[in-house]
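Worth knowing before you read on, the calculation uses all heavy atoms, side chains too, and leaves out hydrogens, waters and symmetry mates.
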Amino acid sequence: MEKEELDPETKYTRRRFFVLGAMAASGAALAGIVGGGLLAYFFPPKRFRKKIGGWQKVKPAGECPEGQAVASVYFGIPILVLREGGKVKAFSAVCPHLGCIVKWDAERKNFPCPCHDSFFNAQGLVQKGPARPYNLMPFEAKEEEGMVLVSLPAPEKLKAYPSWFRFAMQYGG
Amino acid sequence: MKEKIKEKIELIKSFLQTFSTMLEMPGGLTQLINTLWMVGKEFVLNWLEQRFRLRAPIEKILDKPVSGFERKWRHCFGGITLTLIGLQLVTGVFLAFYYIPSAGQAFESIQMITDEVAFGWLIRGIHHWSAYLIVVTMLIHLLKVFITGSYRHPREFTWVSGVLLLMIVFGFLATGYLLTWSQQGYWASRVAMGLAGEVPVVGWIILLFVQGGYVIKQAALTRFFVAHVFLLPVAIIVLLGVHFALIRRLGIQKPL
């Protein structure tokens, strides 16, 4: 067999180049497999990323008096069910400013936020305070067989909100 | 055989005789204790030296000369920070004996530590307050190094490791705050993670990896607990090692 010639510039033979290349390639492949597996391990499984939604019974209709907002929970999201002129409306009680829970002021007919003095009117629209420009998020609400049912609105309605608020509404809590 | 035993008995007798005559002299007791202490200490130290050969390295470490300019109060804040970090490790282990990292039980278990466990209020109080003190002493230490320009060549990497230590301490604070699972800690974490979630494009990935979901729930508590109790302590111990090794090799900067 003829002796392989050394390239005087690089001192690399074809054989050596091939061996080094093969080692580098297999090393990279191994690192990719192990690294990918590790990333996958630390990525939370589907159950932790499940979206919420759909109609949910939240309160017996009899417990929602006229002119009052009653607190309830929809998939871990605190909500307020308000009855005005006989019709029920529902809002998320989470203030879109920094996540405090707003309450209903029956005298002034608005939702004050106790943390930073934001106010929302009976339609959930922001009147003043640092929550501007975000309104309270309205839920769809209806009455059926003596129960108040509530559903998450269409995803487009969530688009305007900051991401932490969107995530809280889409994934519950 | 018998003669040897007799010899030993004689020896012990003579020892006891010496002791008793020493005791009869004025101030004999203190002298006796002193002698026994000296002989015993030498015996124990020799025993250790023969088996571990640690005398030379320990003497080298302890007898390192400290020049005058190093003996200034402004150089003490790094040491105070180290002491407080040590205190945190110890009290942290103590707290881990009772703390339950579960969304349903975390707050209750902390209440139990504070109200029911003997000296629990003290351990938790030390852990709580020295966490805040570390920030203060660390920032004073950082300011001193910054103002005196001690970060300059060749000590760049002492500075870099110090800044990384600051980041790790912030990591401890951010994760420890959620572990109480109180309203304050929970909402503070919600706000902080909300900021992380606002990062363009990768925000949601950061959330999923750091808190195990889009919203802070049990998965987030578990991950913060793991970071606070396993990952960050290992990181801080390794980096402290680097920091002090560099200080030992390069020394403290001479004043200008």
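Between the side chain of A:Ser118 and the backbone N or O of A:Ala131, at least one donor-acceptor pair lies under 3.5 Å. Side chain of B:Glu49 to main chain of B:Arg55: a donor-acceptor pair is present (N/O by atom type, distance under 3.5 Å, no hydrogens or angles). Side chain of B:His228 to backbone of B:Phe172: a donor-acceptor contact under 3.5 angstrom is found. Between the side chain of A:Arg83 and the main chain of A:Gly86, a donor-acceptor pair closer than 3.5 Å is present.
When each of B:Leu195, B:Leu208, B:Val191 is checked for heavy-atom pairs under 4.5 Å with chain A, B:Leu208 comes out on top. Interface summary for chain A: among B:Ala196, B:Gly194, B:Gly212, the most heavy-atom pairs under 4.5 angstrom belong to B:Gly212. Listed options B:Arg223, B:Gln183, B:Gln218, B:Met193 were ranked by heavy-atom pairs under 4.5 angstrom with chain A; first place goes to B:Arg223.
The interface of residues 89-108 of chain A with chain B, defined by heavy-atom distances below 4.5 Å, comprises A:Leu98, A:Gly99. The contact list for residues 72-82 of chain A toward chain B, using heavy atoms and a distance under 4.5 Å, is empty.
More than 12 heavy atoms of other residues, nucleotides or ligands lie within 6.0 Å of OH in B:Tyr186, so this atom counts as buried by the packing criterion. The number of heavy atoms from other shown groups lying within 6.0 Å of CZ (B:Arg51) is above 12. Summarising the local packing, OH of B:Tyr98 is surrounded by 12 or fewer heavy atoms from other residues, nucleotides or ligands at distances under 6.0 Å.
A:Lys87 has no carboxylate O lying under 4.0 Å from a charged side-chain N of A:Glu66, or vice versa, which leaves the two without a salt bridge.
Taking 4.5 Å as the limit, every side-chain heavy atom of A:Leu152 sits out of range of all side-chain heavy atoms of A:Lys157.
A:Phe119 has its ring centre no less than 6.0 Å from the ring centre of A:Phe111.
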Item to check | Verdict with supporting geometry, B:Phe225 and B:Tyr99, ring pair (Phe, Tyr, Trp, His ring centres under 6.0 Å) | outcome: CA-CA 10 Å; B:Phe225 177 72; B:Tyr99 178 70; 5.7 Å; yes
